[in-house]
Amino acid sequence: MQKTITILGINGRIGQDAARAFVAAGWQVSGFGREDRVKVPGVRFIAGNAEIAGDVARAVAPSEVVLDAVNLPYDKWDNGRYEQSLAIRLDALKGSGKTLLYPGNIYNFAAETHVLAPDTPENPARDKGEIRVRLERMLEKATIEDNLQVVILRAPDFFGPGATGTAFDLFMLKNIGKGQLLYPGDADIGHSWAYLPDLARAFVRIAEARERLARFDRLHFSGHYATGHELLATIERALGHKIALKRVNWLPYKALALVVPILREVIKMNYLWENPHRLVDPRLDELLGPDFLTPFDEAMRKTVRSYLPALETSAREIGAAA
């Protein structure tokens, strides 16, 4: 029997990589979005609006599994907008008996909680964390009242080849061509990273094991854990030369945030760079199996080089100036 999935939000970072991973695993994949910007080979595109329940219902009808990769702009989460958006898609799925895969993050947890397991008590440090808690409660309620299975996969910050709009490409690699890595926080503190192609493959494994999972389940993707200094060394190996590490000066950004709402929201979450958060989940680790993760050096090399087509030229210039 053909394995079928509809990916809502096909144009987003998770949507794109998940589509490629499911196609590679032999699934029949439908991708839903306003327009077919990405054009992933092997994906049947369905045009529609994720804020219209009828469009969503039409898109998910042929699939046994749905991945909700829809995300709102970072400064548009407030005033119940995120909850309203999710409610539309849950309404479209009501009574279908489908499995809904949902990407989560670590905003649910307190800044002082450094080891994060699926059963770690939730105590969000910011309003965005409170929103994530409410979203997950809505999802749990849907498994009780609306005949859905929901599996939430929580993950840390993303990085991956060509991924844009992340902390990694917006801040950290901004000056990498000039031989400088910008770091948003304390470089002595560990930070967790999810390599997007690995995270995408994890969604495939979960979908294929869904009958062994609970009606409502939460899993944690551990990814790679590294201090800023360890990350610097990994990027240096990827580049083949030394670079400088410079901590981001947030003061100018704070001033700019007074007139740039999305920057204001980014700054609110800076506590994540000042506290070591490590995700753990032996159950998911067992499901994924040993050696599942792409080695950190390999993942970082592919990612860094994807942003810098003229990397070899830059390396020679930096080496000549040293």
Side-chain angles (χ1 to χ4, degrees), residues 1-10 12 14-15 18-19 21-22 25 27-33 43-44 46 48-72 77 80-108 118-119 122 130-155 199-221 281 283-284 287-288:
M1 182 176 178
Q2 180 69 55
K3 299 173 289 187
T4 54
I5 183 170
T6 296
I7 298 175
L8 307 176
I10 186 65
I14 290 179
F22 276 98
W27 284 62
Q28 180 178 307
V29 181
S30 298
F32 176 78
V43 173
R44 181 176 72 98
I46 302 173
N49 186 342
E51 303 294 320
I52 299 175
D55 284 2
V56 176
R58 171 173 52 85
V60 303
S63 298
E64 53 191 322
V65 178
V66 177
L67 171 59
D68 185 353
V70 175
N71 199 5
L72 297 188
W77 289 31
R81 282 182 281 193
Y82 219 138
E83 293 93 322
Q84 293 164 15
S85 176
L86 177 60
I88 291 168
R89 296 188 293 283
L90 289 179
D91 185 59
L93 290 163
K94 186 178 296 184
S96 67
K98 299 179 187 295
T99 297
L100 176 64
L101 307 178
Y102 196 83
N105 59 33
I106 64 172
Y107 294 0
N108 308 50
D119 59 354
E122 298 178 16
E130 295 170 357
I131 292 168
R132 297 301 306 200
V133 169
R134 291 197 293 269
L135 294 175
E136 292 192 13
R137 287 175 180 164
M138 291 172 62
L139 292 164
E140 183 174 17
K141 183 180 178 182
T143 66
I144 299 169
E145 299 180 357
D146 298 334
N147 190 30
L148 289 178
Q149 181 188 30
V150 174
V151 182
I152 298 170
L153 179 58
R154 293 178 180 146
L199 182 63
R201 291 189 298 115
F203 275 114
V204 176
R205 292 284 183 90
I206 290 167
E208 294 178 340
R210 62 191 182 280
E211 293 182 0
R212 291 184 275 143
L213 300 176
R215 192 71 179 167
F216 177 70
D217 224 330
R218 295 183 178 100
L219 300 169
H220 278 198
F221 184 79
D281 190 346
R283 192 161 57 104
L284 180 59
L287 174 63
L288 298 180

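For the single chain, residues carry numbers from 1 onward in sequence order.
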- Task: Applying side-chain hydrogen bond (donor to acceptor under 3.5 Å, both in side chains), name anything that partners Arg44, two or more places apart in sequence or on another chain.
- Result: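 With sequence neighbours excluded, Arg44 shows a side-chain hydrogen bond (donor to acceptor under 3.5 Å, both in side chains) to Ser30, given in chain and number order.
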Heavy-atom pair of closest approach, residues [X] and [Y]:
{"X": "Asn147", "Y": "Gly95", "value": "ND2-O, 3.5 Å"}
{"X": "Val65", "Y": "Ala207", "value": "CG1-CB, 4.4 Å"}
{"X": "Gly97", "Y": "Leu148", "value": "N-CD2, 4.5 Å"}
{"X": "Phe203", "Y": "Ile14", "value": "CE1-CG2, 4.2 Å"}
{"X": "Ala59", "Y": "Thr6", "value": "O-OG1, 3.0 Å"}
{"X": "His220", "Y": "Asp281", "value": "N-OD2, 2.8 Å"}

Applying side-chain contact (heavy atoms from CB on, under 4.5 Å), name anything that partners [X], two or more places apart in sequence or on another chain.
{"X": "Thr4", "answer": "Gln2, Gln28, Ser63, Glu64"}
{"X": "Asn71", "answer": "Trp77, Tyr82"}
{"X": "Ala209", "answer": "Arg212, Leu287"}

Distance in Å, [X] [atom1] paired with [Y] [atom2], rounded so as to fall on 0.5 Å steps:
{"X": "Ile152", "Y": "Asn108", "atom1": "CD1", "atom2": "CG", "result": "8.0 Å"}
{"X": "Asp68", "Y": "Ile7", "atom1": "CG", "atom2": "CD1", "result": "11.0 Å"}
{"X": "Met138", "Y": "Asp146", "atom1": "CE", "atom2": "CG", "result": "10.0 Å"}
{"X": "Leu153", "Y": "Asp217", "atom1": "CG", "atom2": "CG", "result": "10.5 Å"}
{"X": "Glu140", "Y": "Glu145", "atom1": "CD", "atom2": "CD", "result": "11.0 Å"}
{"X": "Ile206", "Y": "Leu219", "atom1": "CD1", "atom2": "CG", "result": "5.0 Å"}

- Query: Can a salt bridge be assigned to the pair Arg154 and Glu136 using a cut-off of 4.0 Å between side-chain N and carboxylate O?
  - Reply: yes
So, do [X] and [Y] sit near enough that their side-chain heavy atoms are less than 4.5 Å apart?
{"X": "Arg218", "Y": "Leu139", "value": "no"}
{"X": "Leu8", "Y": "Val60", "value": "yes"}
{"X": "Arg210", "Y": "Val151", "value": "no"}

- Query: With sequence neighbours left out, what residues match Arg81 under salt bridge (charged side-chain N to carboxylate O under 4.0 Å, His left out)?
  - Reply: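 Arg81: salt bridge (charged side-chain N to carboxylate O under 4.0 Å, His left out) contacts with Asp78.
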- Task: Just jot down the ring pair (Phe, Tyr, Trp, His ring centres under 6.0 Å) partners of Phe22, sequence neighbours excluded, or say none.
- Result: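 Phe22: ring pair (Phe, Tyr, Trp, His ring centres under 6.0 Å) contacts with Trp27.
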- Message: Quick one, Leu72 with Gln84, criterion side-chain contact (heavy atoms from CB on, under 4.5 Å). Give me CA distance, side-chain angles, the key distance, then yes/no.
- Response: CA-CA 11 Å; Leu72 297 188; Gln84 293 164 15; over 6 Å; no
- side chain to side chain contact (heavy atoms under 4.5 Å, CB included), paired with Val150, selected from Leu90, Thr143, Thr99: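 Exactly one option meets the side chain to side chain contact (heavy atoms under 4.5 Å, CB included) with Val150, and it is Thr143.
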